[in-house]
Amino acid sequence: MAEEEEAPPHDPYSVLVRTIRTSIRDAISSAYDVDEPVEVPVDPEPPVEDVDVATPVALSLAKEVGEEPRKIAETILEESDLDEVVLVDEARVDGPGYINIRLNRPQYAALVLRSIFYYEEEYGSLDLGMGRPAILEHTSANPNGPLHIGHGRNAIIGDILARCMVFTNYDVEVQYYVNDMGKQIAMLAWKYIKEGRPEVPEDKKPDEFFGELYAEAAKEIEEDPELEEVVERFLRSYERYLLDEESRAERIAEAFQVVVEECLKGHIETLERLRVAHDRFVYESEFVEDAVEIVEKLVDMGAAEKRDDGAVILDLEDYGIDKELVLTRSDGTTLYTTRDIAYHLWKLKRAAFVIDVLGADHKLAVQQLKAVLDILDADPDRVDVIFYEFIHLPEGSMSTRKGRYVTLDEFLDEAKKRALEKMKEAGVAEDLDEEEREEIAENVAIGAVRFAIARVSPNKPIEFDWDEALDFRRGGPFIQYAYTRAKSILRQADEEVQRFDAAYLDDDHSFELVFKMSMFPRQVAQCVRKRRPDILAEYAYELARAFHTFYEEVPVLHAEDEEVRKARLKLVEAFTIVMENVMNLLGIPALERM
RNA sequence: GGGCCGGCAGCUCAGUCUGGACAGAGCGCGGGCCUUCGGAGCCCGUGGUCCCGGGUUCAAAUCCCGGCCGGCCCA
């Protein structure tokens, strides 16, 4: 009679670690007199042949206990019940006192595969968010030109994080904050009117068109500083218009709105191509009234001070910020930061967590923002900002103003071109028609671009280089190719394996793959907790590498034995499940053919 | 001048939070693997004062202090 089968663990690696920890901890407390529960670090990649996991715990205990580390390790092993743990095959002491553990590979492989097949597309998903609402804001580029690769970094970091948070049960709303009333927009609106409100040419993306217009405007204004005042007047008029104080400014308001909407249209088109989605677009101009109220409140509280010239300023020295914050200019208009405070108050009311993805140049502004939120008793700790460093071009940092940038569209186009060349060179997919080949190349391009940007940790500056960014050998295509190879095996096997014995997966390459797959839930959790998409990108790469090695070294369809063949087919199938989940989180298209 | 971030192989980067075994990958360079599942791949080799100087520790790329260089922000 079959027993009632228990659901397998969501996170087999954690089960393993917990078992080992408990066993060692118990051994320590029964052999030694230590007051606090001991931290037992577990190393999943010990540098020793035939060892799967290890712990240096005996080394760190040496001082407290006053014994040689090796001796401590031996005592721990004697006292512990590690040899009775099913997942452990052998535990021994090596080197200066490491406890090295070889796993019971058949047992562990069986556990891992059971989890993967049981949860399938949910494998890797731990309940970190418990359904709590979160607002994640990213991209939020000024609508005065096309998105360049710097914005791409923002969008991709934000998008991967959003996908990971949804996957780990956060109730996420992704927002794009449209900066529709900054000085840059005023410059563009001015130029737009000056040029007689030109239509966007048919053959041009609107953001590209207005980006060029903006660069021209910036140049003109630089050459004739008197125009600065004209632009300032535009800005004032628009803000008063929004507050119903100056209804005559309709023409100006309309110019603002046209340029913003057109540029935004272009942004969305690019983002869709890159598979980046937003749930909601929030406009800065919606917060003008709230901003005014907040300033009044801060003055009433006595926190902010109204100077003789009419400007309202806030002293933040108590927060370690020497620079005083201007909330209202002497002409009565509010500033970006003031409206940003209003926006954040609004977000905090609607969600348990607020996450922003911002360039490193916003660090001071965020410090100020958080200080003000604290003054307003609005819980700044619930606002978490992910900063990323800039992407530089060989000729300097990117600038919309100077018209010096590599757009995301160009980046994708170049990637696609190279993918097509590669396909031709490899003579791949020749039986498909032109359109299908284009589609594959486009998907390879998306994977290449997303991976190139995601793989670098956010706080590291990137020097952009075409050949390096589009190196298919260590990039998205490498990952996609692993998946494609696996799918190709499954297609040819053309059989549905039901029962199999994981004990046949104990050779080094198969087991390495099993072990890597078992790390997936943990990697997702790390990515969410540390807000570091690069962790997941790195993991995807390692998983792909483990598969490529397995593929080259271990025959599946031509396995020496029918039972071995079945087990390996299931391993390949499990790999496609895990890899598909990883790729979904990274937004890298999974392809049957490429 | 102040604040934040980075500096590791010729190049691009992991590892630093939570200190532990010879510091890991990829590119490059040298050599091998297409009579077996797709060579956008695999294997072997080459290559490092972990920016410098002190300190803490049995043990430092990792922690602390002081410098240097680069980026960003503020003045």
Side-chain angles (χ1 to χ4, degrees), chain A residues 39-43 45-48 51 54-60 62-63 66 68-69 94-100 320-324 359-368 387-392 396-397 418-419 421-423 425-429 440 444 447-448 452 455-465 467-482 484-493 509 526 529-530 532 534-535 537-539 541-542 544-545 547-560 565 568-569 572 591-594:
Chain A
E39 275 285 319
V40 182
V42 173
D43 178 3
E45 283 172 340
V48 183
V51 169
T55 173
V57 68
L59 297 171
S60 48
K63 181 155 221 178
E68 298 241 334
D94 280 328
Y98 290 94
I99 297 177
N100 279 341
I321 302 168
D322 296 334
K323 176 140 171 68
E324 58 187 18
D361 53 337
H362 288 76
K363 282 184 181 180
L364 176 64
V366 169
Q367 257 190 299
Q368 293 170 327
F387 293 107
Y388 62 92
E389 292 289 333
F390 282 21
I391 300 182
H392 298 275
S397 50
R418 295 189 187 199
E421 278 166 14
K422 184 75 204 174
M423 284 168 76
E425 177 193 317
V428 116
I440 289 170
V444 170
R455 60 173 262 257
V456 183
S457 131
N459 56 7
K460 195 152 236 164
I462 295 179
E463 294 294 333
F464 186 79
D465 176 272
D467 290 330
E468 196 227 307
L470 292 176
D471 182 356
F472 288 179
R473 279 166 297 192
R474 201 245 128 122
F478 178 85
I479 291 159
Q480 291 172 313
Y481 187 46
T484 302
R485 281 178 136 184
K487 278 293 187 185
S488 169
I489 290 179
L490 296 177
R491 223 180 302 128
Q492 286 165 73
H509 300 301
Q526 294 266 306
R529 290 205 182 103
K530 295 185 182 173
R532 292 260 314 268
D534 61 300
I535 291 176
E538 179 73 16
Y539 173 72
Y541 175 75
E542 282 174 19
R545 190 149 51 103
F547 182 79
H548 280 306
T549 301
F550 164 82
Y551 180 93
E552 298 282 350
E553 303 290 331
V554 185
V556 177
L557 297 175
H558 308 285
E560 61 274 19
R565 176 186 148 102
R568 288 182 184 163
L569 271 173
V572 173
L591 304 171
E592 289 273 338
R593 305 186 56 173
M594 63 182 280

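Residue numbers start from 1 in every chain, and the chains themselves are labelled A, B, ... in the order their sequence lines are given, proteins ahead of strands. Computed from a predicted structure; not experimentally measured. Only heavy atoms go into these numbers, but all of them, side chains included; no hydrogens, no water, no symmetry mates.
When both pairing distances are held under 3.5 Å, rA61(B) makes no Watson-Crick or G-U pair with any nucleotide shown. Across every strand in view, rG1(B) sits in a pair with rC74(B) that passes the Watson-Crick or G-U test at under 3.5 angstrom. The partner of rC13(B) is rG24(B), judged by Watson-Crick or G-U wobble contacts that both fall below 3.5 Å. As the counterpart of rU36(B), no nucleotide is assigned, since no Watson-Crick or G-U wobble pattern has both distances under 3.5 Å. With a cut-off of 3.5 Å on both pairing distances, the Watson-Crick or G-U wobble partner of rG30(B) is rC44(B).
Between Arg532(A) and rG15(B) there is a side-chain polar atom (N or O) within less than 4.0 angstrom of OP1 or OP2. Dashed line: the shortest gap from a side-chain N or O of Lys460(A) to OP1 or OP2 of rU12(B) is not under 4.0 Å.
The distance from the CD1 atom of Ile391(A) to the CG atom of Asp465(A) is 12.5 Å, given to the nearest 0.5 Å. Once rounded to the nearest 0.5 Å, the distance linking OG1 of Thr484(A) with CD1 of Ile479(A) reads 11.5 Å. From Glu592(A), atom CD reaches atom CZ of Arg491(A) across 5.5 Å, with rounding to the nearest 0.5 Å. How far CD of Glu553(A) is from NE2 of His509(A): 4.5 Å, rounded to the nearest 0.5 Å. Atom NE2 of residue His362(A) and atom CZ of residue Phe387(A) lie 9.0 Å apart, to the nearest 0.5 angstrom. A distance of 8.5 Å separates NE2 in His558(A) from CZ in Arg565(A), rounded to the nearest 0.5 Å.
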>> Generate the contact string for nucleotides 32-45 of chain B. Rules: B means base contact, S means sugar-phosphate contact only, - means no protein heavy atom under 4.0 Å.
In response: ----BBBSBBSS--

> Can you list the steps and then say if Glu463(A) with His392(A) is a side chain to side chain contact (heavy atoms under 4.5 Å, CB included)?
Replying inline: CA-CA 5 Å; Glu463(A) 294 294 333; His392(A) 298 275; 3.7 Å; yes

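Taking atom P in both rG54(B) and rA59(B), the straight-line distance is 16 Å, to the nearest Å. The C1' atoms of rC4(B) and rA21(B) are separated by 36 Å, rounded to the nearest whole Å. For the P atoms, the distance from rU62(B) to rU57(B) is 16 Å, rounded to whole Å. Across rG28(B) and rG48(B), the matching C1' atoms stand 16 Å from one another, rounded to whole Å. Between the C1' atoms of rG55(B) and rA23(B), the separation comes to 23 Å (whole Å). Going from the C1' atom of rG24(B) to that of rG38(B) covers 29 Å, rounded to whole Å. One C1' atom belongs to rG26(B), the other to rU46(B), and the distance between them is 15 Å to the nearest Å. Taking atom P on both rG1(B) and rG67(B), the two are 12 Å apart, rounded to the nearest angstrom.
Residue Pro46(A) is in base contact, counting any heavy-atom pair closer than 4.0 Å across all strands shown. As judged by a 4.0 angstrom heavy-atom cut-off over every strand, Ser60(A) is placed among the base-contacting residues. Within 4.0 Å of Ala482(A), counting heavy atoms only, lies no atom of the nucleic acid at all. Within the 4.0 angstrom heavy-atom criterion, base atoms lie near Lys530(A).
Spacing between atom CZ of Arg529(A) and atom P of rU18(B) amounts to 15 Å, rounded to whole angstrom units. The CD-C1' distance, from Glu538(A) to rA25(B), rounds to 7 Å in whole Å. The interatomic distance linking Asp534(A) (CG) with rG6(B) (P) rounds to 12 Å, in whole Å. Rounded to an integer number of Å, the gap from Gln367(A) CD to rG2(B) P is 17 Å. Computed from coordinates, the Ile535(A) CD1 to rC13(B) P distance equals 17 Å when rounded to whole Å. Rounded to whole Å, atom P of rU57(B) lies 18 Å from atom CG of Leu59(A). For the pair Tyr539(A) OH and rA25(B) P, the interatomic distance rounds to 18 Å; values are reported in whole Å. Separating the CG atom of Asp43(A) from the C1' atom of rA23(B) is a distance of 13 Å, rounded to the nearest angstrom.
Around the CD atom of Glu68(A), the shell of radius 6.0 Å holds no more than 12 heavy atoms that belong to other residues, nucleotides or ligands. The neighbour count for Glu39(A) CD, taken as heavy atoms of other residues, nucleotides or ligands under 6.0 Å away, does not exceed 12.
Looking at Thr549(A), its side chain does come within 3.5 Å of a backbone N or O of Arg545(A) through a donor-acceptor pair.
Mapping Ala62(A) and Tyr541(A) onto RNA chain B via the closest heavy atom, the residue that lands nearer the 5' end is Tyr541(A).
Under the side chain to side chain contact (heavy atoms under 4.5 Å, CB included) criterion, Pro458(A) pairs with Ile157(A), Tyr388(A), Arg532(A), Asp534(A), sequence neighbours left out.
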Provide a list of protein-nucleic acid N or O atom pairs under 3.5 angstrom, restricted to nucleotides 68-74 of chain B.
{"unit_1": "rG71(B)", "atom_1": "O2'", "unit_2": "His392(A)", "atom_2": "NE2", "d": "3.4"}

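Contact check on Arg418(A) versus Glu421(A) returns no salt bridge, with no Lys/Arg side-chain nitrogen under 4.0 Å from an Asp/Glu carboxylate oxygen.
Annotated as anti: rC44(B), whose glycosidic dihedral deviates from 0 by more than 90°.
With hydrogens and angles ignored, no donor-acceptor pair closer than 3.5 Å exists between the side chain of Asp94(A) and the base of rA21(B).
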